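Note that this is a predicted model, so its numbers are computed, not measured. As the structure lists them, so they are numbered: ligands from 1, and atoms in each ligand from 1.
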Amino acid sequence: MKLWEISTSECGGDAEGIMRRGNIFQIANGYMGYRGTLDEFGSEQLVGITLAGIFDRVGDAWREPVNAPNGGYTSVTIDGVELSALSETDVEHTQSLNFANAAFQRETRFLSGDKAVTLKSSRFLSADTPNLGVIRFSIRCDAATEVMIRTGIDGDIWDLNGPHLPKLAYEKRGDVLVTYGSTHESSKGVAVAEALECGFGEDAHEICEQKNLRVIHFSAKAGKTYSFDKYFAVVTDNDAFETPVDQAAIDIVERAKVRGYMACLAKHDDVWAGKWAESDVVIEGDDEAQLALRYSILQLLMVAPVKSSSNSIPARALSGQVYKGAIFWDTELFMYPFFLHTNPEVAVELLRYRIRTLDGARRKAMTEGPGYRGAFYAWESQETGDDACSYFNVGDPITGRDLRTHFRDKQVHISGDVAIAMWKYFLHTGDDSLLLEGGAEVILECARFYFSYAYFKKDKARYEILDVIGPDEYHERVNNNAFTSQVARETFVVALAAVEHLRLKHPSQLDVLLERLEIARELIDFAEAAELLYVPEPDAETGVIEQFEGYFKLKMTTPAELKERLVHPNEYLGAGQGLAVPTQVIKQADVVMMLNLFKNRYSAAIKRANWEYYEPRTEHGSSLSACAYAMVALEFGNLDFAYRYFLKTAKIDLEAKSKLYAGTIFIGGSHPAANGGAWMTAVFGFGGVNAEDGRLSIHPRLYEKWNRLQFPLNYQGDRFVITITHEVVTITAPSTNSRTHLVNVAGDVVQCEADATLSVPLVSLCK
Ligand code: IFM
């Protein structure tokens, strides 16, 4: 079994198959994503080059990220017949994705009349020049043939809610094709340029059907391979080039052409080798798990934001415009841990995005509720931090009506998710510079928000967080949701800890900050709330934590039973009338999510009690759910279950079988949160890595069929490679490490010196 590549021989079939393969075989480089479609495909096959961090709105439709014109377009015509993998002329096809360097390849053999023609192409989005895409294309005919190639930029763009670039210009300047326009809403320039290195045929310029093309005619000799290289660049006004976007794009492709395909590829490969050295996880003894996990890691590496962009990763990454290209809590709770533990430089970018969008969160607090203060982060956040989530975020497929959902106004845990992630960066890396750069301000403003949201119940002498939605989106407007309240309480704790740290280390900067925010007098409120905020506790007898007040009184049923009662297969189970609303059926891990997030605070017995209670009631209707259940199952030793849910999570985008609709809303695309969940389950779950309480510990729970689990880890600015077998844990620390670290390995505290390898037998686990 290949462990660094996936491939398929399928290319045509129904629209859904084409859409799903577009996700599975997508490539990305943080700046843009290019769906795994074929060179000759167009907007109907959902070709999409989705750009990070640039959004647009047309009319009343949802704002969404902009898709660029397709600079990778090529079609080939033989004796007047245009070859398409979708037509019957295609006889053999393979397309593959190479994990090592995120390159997409296709090879298709066509039979046109009695002539056999093979088309091959290989494309990558440069990892060292984010605006650049590079394609090598070749044609080989078995018999002498007249060939026409049409290659260039396709301006017929697939959009969910477009067109976002309504008036595109199509030009040829010198040897370079350039197509450019500007967004509908804020007139942001977007340009695509294309340069070609082709040693045969004459090329004529043609503009037709929204395509900016070169048309190349030549007589192909039998058995000879004709290759050309295509360089395309996308530039937008968000980029900091000194020249206008069209000229900047032209400059990039001209430079790439001079460098040449092999040199561009070599640089790209070097960057990718570095990425994998920082993050690959080896699972020996289980090829299925290995491939799925590596694929998940590839997805995260591909969509990691470009350095210094202060961009984050949307819930569907760069696979298209689903979920408005917005950033959710998915990033901080599911993707960020991977980057924090492997490449903190990327993790910091994700946090900078929240610093950059703090004003949007402040605006939301001011406009969303009576008397809210501080930072109420957007449930669906785009480039300004204003909330893209609509008040009617799901459509009912039965009536066609929009359903009122309260994701935007009541899913208040988002602010705490951000604040906790911000603080974790400091705890994990020991680097407090981000706190000074705006991180402390974010944390304080989130605490301020919760204080304005909390309700003081005089009769109980406690603060409560009322009228919210927890992670389980089927139960809206509930009181004392355990997850939300714990996150809110932790935000107060973290705010006070951040202030304490700054007071000790950077007192004058703290004074300036407190004064600027006029918040010094509120710290006493935060301290009181940290003490008195109510978080539902495990029941004294059963150990089960009630998800929210009144949950236990709801009707007990199962997700399967509810599904039997569906009138429409895409019916949404939540919102006002949803089937799950009066029942205990939950959409996704909620209490179990809390037990995982705050895992050091609960015993294995409590985890088991809650897991056993909530699992049969959980639909796992969100891709975020299974990994939380897997990780908590590992905490109390249910490895078989954990393994099943690990595979479910890790294979989510490989199998691409997830549901495509929530109500009437199309939700197809990739699932980077699940990709992060797969990594967490492998490293935190089976690997037993826990760096939560200021000390690194490793308590492995290796699955029986895994012989070896190995992964790199970044901790306190130093690096380690951890190797776990059933007998021993080995920690290797390079000479570049700054100091000796104490690590708790299965109960033994060991000293890991720089430039040393240390092995700890797992005798205690065998006893
Ligand atoms: O953030 C999630 C949410 O928890 C469930 N619905 C989908 C969102 C985006 O993945």
Inset, instruction - Enumerate the residue pairs fulfilling ring pair (Phe, Tyr, Trp, His ring centres under 6.0 Å) with a member in residues 665-685, sequence neighbours excluded, ordered by first and then second residue. - result: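 For residues 665-685: Phe338-Trp679, His341-Trp679, His341-Phe684, Tyr661-Phe666, Trp679-Phe684.
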
Inset, instruction - Please determine if Arg373 forms a cation-pi arrangement with Phe451, meaning its NZ or CZ atom is less than 6.0 Å from the six-membered ring centre and no more than 45° off the ring axis. - result: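 So Arg373 doesn't make the cation-pi contact.
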
Which donor-acceptor pairs under 3.5 Å do the side chains of residues 311-318 make with protein atoms, sequence neighbours left out?
unit_1	atom_1	unit_2	atom_2	d
Asn311	OD1	Arg356	NH2	3.1
Arg316	NE	Ile667	O	2.9
Arg316	NH2	Ile667	O	3.1

Legend entry - Residue pair Asp396 / Gln577, side-chain donor-acceptor N/O under 3.5 Å: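 Their side chains do not contain a donor-acceptor pair, so the 3.5 Å distance test is not met.
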
Legend entry - Proximal protein residues to ligand 1, non-hydrogen atoms under 4.0 angstrom: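 Correct list: Ala315, Tyr323, Phe328, Trp329, Asp330, Trp379, Glu473, Lys587, Gln588, Ser622, Leu624.
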
Legend entry - salt bridge (charged side-chain N to carboxylate O under 4.0 Å, His left out) partners of Asp467, counting only residues at least two apart: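 Here the qualifying residues are Lys410, Arg477.
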
Inset, instruction - Measure the acute angle between the ring planes of Phe376 and Phe449, then classify it against the limits of 30° and 60° as parallel, tilted or perpendicular. - result: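 Phe376 vs Phe449 ring planes: parallel.
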
